[in-house]
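Worksheet: one structure, shown below.
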Amino acid sequence: MKTQIFVSAALAVLLLGTTVLQAEAGDYGFDSEGGLNHPTVRIKHTDSFGDTYYSFKEKNAKACVDKETHVQHQKLKDTPAEVLQALNKTVEAIKALHKVDTNLAKTNLIAATDLFDTALKANPKLKRVPVSVDVEVNELDLSPNEIKSLLKMADNALTQKRTQDARDLLIPLRDEMTTTTQYLPMELYPKVTKAALDALKKGENAKALQKLQEGLSTIVTEEIIEPIPLLEAQENMSEALHLDKTKKKEAIQQIESAKMELNKAVLLGYMDENSMEYKHLKTQIEKVQKGIEGETRMEKFYDELKDSFSNLMKKAQSESHKLLSSIKIS
């Protein structure tokens, strides 16, 4: 697991003057369409479940992305409302202190302390609580052959020491959704909030502000990357297994689409075609195809295939997983 150090996103949000922890539409990124490196604006979308995700294209993402976005947003389902409210109150307190409004800061910190106490009284075992989920989608509308062509061009550029040209070709080759989850450490943050309130009551405004900023720096950000081709391949195989037995042609088409998506995942470097998990999944897909072409009942393949996709996704996630710790703010 790779750890990186960075300034807490919560602090960046504070400086932008908003109490929403996740980044909003309008952030700049890179469009991957056509394998070109075009700066573009991050666009906000709402999926079919009512959850929010961001991409760099006007059109909505694939159905498999909708489903996975909903799964990721379920992380917030069990987060106590008091925790989210308390966090926002501490941010409001910091903003008030910057405006030298001591009374408003004190009011917000008293409210935050009460809210944290309520949450911890209801569940004393609260530890690392998710307070924000941000899903960003980068879809690549290229076929495996087109990706191969771009990889060959990049390889030729590197051979000729045209490193920047190769970089421009390779950077946009992403077909993934990135879920960034921020966690509030309940064993630390409420204590820091109380310490800030105590300092404020003693007239030590600078110390109170320092404590609150230190509190924000304890927020931990987890980033997980999921390859969209793997999600799409799983969707294709699910469709194939649930089609009526009379629709063999449609089922085979879904399986061929799944194979193509897995090929894309390998070409884009999301998985190793020589790995045990990948080989096992490929073998199972071949079994399913032979079963559909014959008269084998498909129900027996469903759970095993689902587990294989899950294992492959876990492997891909573990290799891309980052736990980003916030730095202490001076």
Side-chain angles (χ1 to χ4, degrees), residues 31-35 43 45-49 51 53-74 135-148 150-151 172-179 224-243 247 249-273 275 277-289 292 298 301-320:
D31 187 358
S32 59
E33 187 170 349
I43 299 168
H45 298 269
T46 302
D47 67 19
S48 57
F49 298 93
D51 302 307
Y53 68 91
Y54 299 86
S55 76
F56 302 107
K57 296 179 181 179
E58 291 285 351
K59 70 175 184 178
N60 290 332
K62 298 173 180 176
C64 64
V65 172
D66 268 21
K67 291 179 181 179
E68 187 59 25
T69 296
H70 182 63
V71 169
Q72 293 299 330
H73 275 278
Q74 293 306 295
V135 178
E136 182 174 288
V137 177
N138 286 274
E139 282 189 298
L140 186 67
D141 297 325
L142 296 178
S143 69
N145 285 337
E146 289 171 323
I147 295 171
K148 286 179 183 178
L150 287 171
L151 292 175
L173 294 184
R174 293 191 296 162
D175 198 7
E176 64 195 29
M177 59 181 291
T178 303
T179 301
I224 295 176
I225 296 173
E226 296 176 282
I228 293 176
L230 188 53
L231 293 172
E232 185 69 2
Q234 185 173 11
E235 186 82 0
N236 291 143
M237 291 306 299
S238 179
E239 287 286 337
L241 289 170
H242 286 94
L243 281 170
K247 297 182 178 180
K249 182 178 179 181
E250 291 89 338
I252 296 301
Q253 287 175 342
Q254 290 289 342
I255 292 173
E256 291 301 326
S257 294
K259 290 179 179 179
M260 183 192 72
E261 293 295 333
L262 290 175
N263 189 19
K264 282 178 65 175
V266 169
L267 289 170
L268 293 171
Y270 292 116
M271 57 193 65
D272 180 4
E273 63 184 339
S275 70
E277 294 87 353
Y278 184 82
K279 287 181 177 180
H280 183 59
L281 179 59
K282 290 279 284 185
T283 299
Q284 286 182 300
I285 290 175
E286 293 297 336
K287 285 181 181 178
V288 171
Q289 184 162 354
I292 288 175
M298 291 297 99
F301 290 112
Y302 183 73
D303 289 337
E304 189 178 355
L305 198 60
K306 187 177 179 181
D307 288 342
S308 293
F309 270 109
S310 178
N311 290 335
L312 198 55
M313 180 61 78
K314 285 177 182 177
K315 182 175 176 64
Q317 288 178 346
S318 67
E319 290 176 354
S320 67

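Here the shortest heavy-atom pairing between E139 and N60 reads OE1-O, 4.3 Å. When all heavy atoms of A251 and A240 are compared, the pair lying nearest together is O-CB, 3.6 Å. When all heavy atoms are compared, the tightest approach of R174 to N138 is NH2-OD1, 3.1 Å. D47 and H70 get closest at one heavy-atom pair: OD2-N, 3.9 Å. Summarising the geometry of E58 relative to H45, their closest heavy-atom pair is O-CE1, 3.1 Å, with the distance given to 0.1 Å. Closest of all the heavy-atom pairs between N263 and P144 is ND2-CB, 3.6 Å.
Contact annotation: the side chain of T178 never approaches that of I224 to less than 4.5 Å [non-hydrogen atoms, C-beta and beyond]. Using a 4.5 Å cut-off on side-chain heavy atoms (C-beta onward), Q234 and M313 make no contact. Looking at Y278 and V266, their side chains come closer than 4.5 Å, going by heavy atoms from C-beta outward. Side-chain contact between E226 and E176 is absent, with no heavy-atom pair separated by less than 4.5 Å. Side-chain contact between C64 and E232: present, with at least one pair of heavy atoms (C-beta onward) separated by less than 4.5 Å. A heavy-atom distance below 4.5 Å is not found between the side chains of D66 and D51.
Screening L230, I228, D175 against K264 for a side-chain contact (heavy atoms from CB on, under 4.5 Å) leaves a single residue, D175. For the side-chain contact (heavy atoms from CB on, under 4.5 Å) test with L267, the passing option among I147, N145, L262 is I147; the others fail.
Considering NZ of K282 and OG of S275, their distance stands at 11.5 Å, rounded to 0.5 Å. Note that the OH atom of Y54 and the CE atom of M177 stand 13.5 Å from one another [nearest 0.5 Å]. For the atom pair Q253 CD and K247 NZ, the distance stands at 12.0 Å (nearest 0.5 Å). Note that CD1 of I255 is 4.5 Å distant from CD1 of I252, once rounded to the nearest 0.5 Å. If you take CD on E68 and NE2 on H73, they are separated by 11.0 Å, rounding to the nearest 0.5 Å.
In this structure, K67 pairs ionically with E235, as a charged nitrogen and a carboxylate oxygen lie closer than 4.0 Å. Looking at K259 and E286, a side-chain N of the basic residue comes within less than 4.0 Å of a carboxylate O on the acidic one, giving a salt bridge. A salt bridge links D141 with K59: at least one charged nitrogen is closer than 4.0 Å to a carboxylate oxygen.
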Worked verdict on L150 versus L142 for side-chain contact (heavy atoms from CB on, under 4.5 Å): CA-CA 10 Å; L150 287 171; L142 296 178; 3.6 Å; yes
For a side-chain contact (heavy atoms from CB on, under 4.5 Å) check, start with the C-alpha distance between M237 and I285, then their side-chain angles and the critical distance, and finish with the verdict. CA-CA 8 Å; M237 291 306 299; I285 290 175; 4.1 Å; yes
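In this view, T283 satisfies the side-chain hydrogen bond (donor to acceptor under 3.5 Å, both in side chains) rule with no residue, not counting sequence neighbours.
With 3.5 Å as the limit, one finds a donor-acceptor pair spanning the side chains of N236 and Q254. Judged purely by distance below 3.5 Å, without hydrogens or angles, the side chains of Y53 and E136 never pair a donor atom with an acceptor atom.
Counting only distance, with no hydrogens or angles, the side chain of E261 and the backbone of A258 share no donor-acceptor pair below 3.5 Å.
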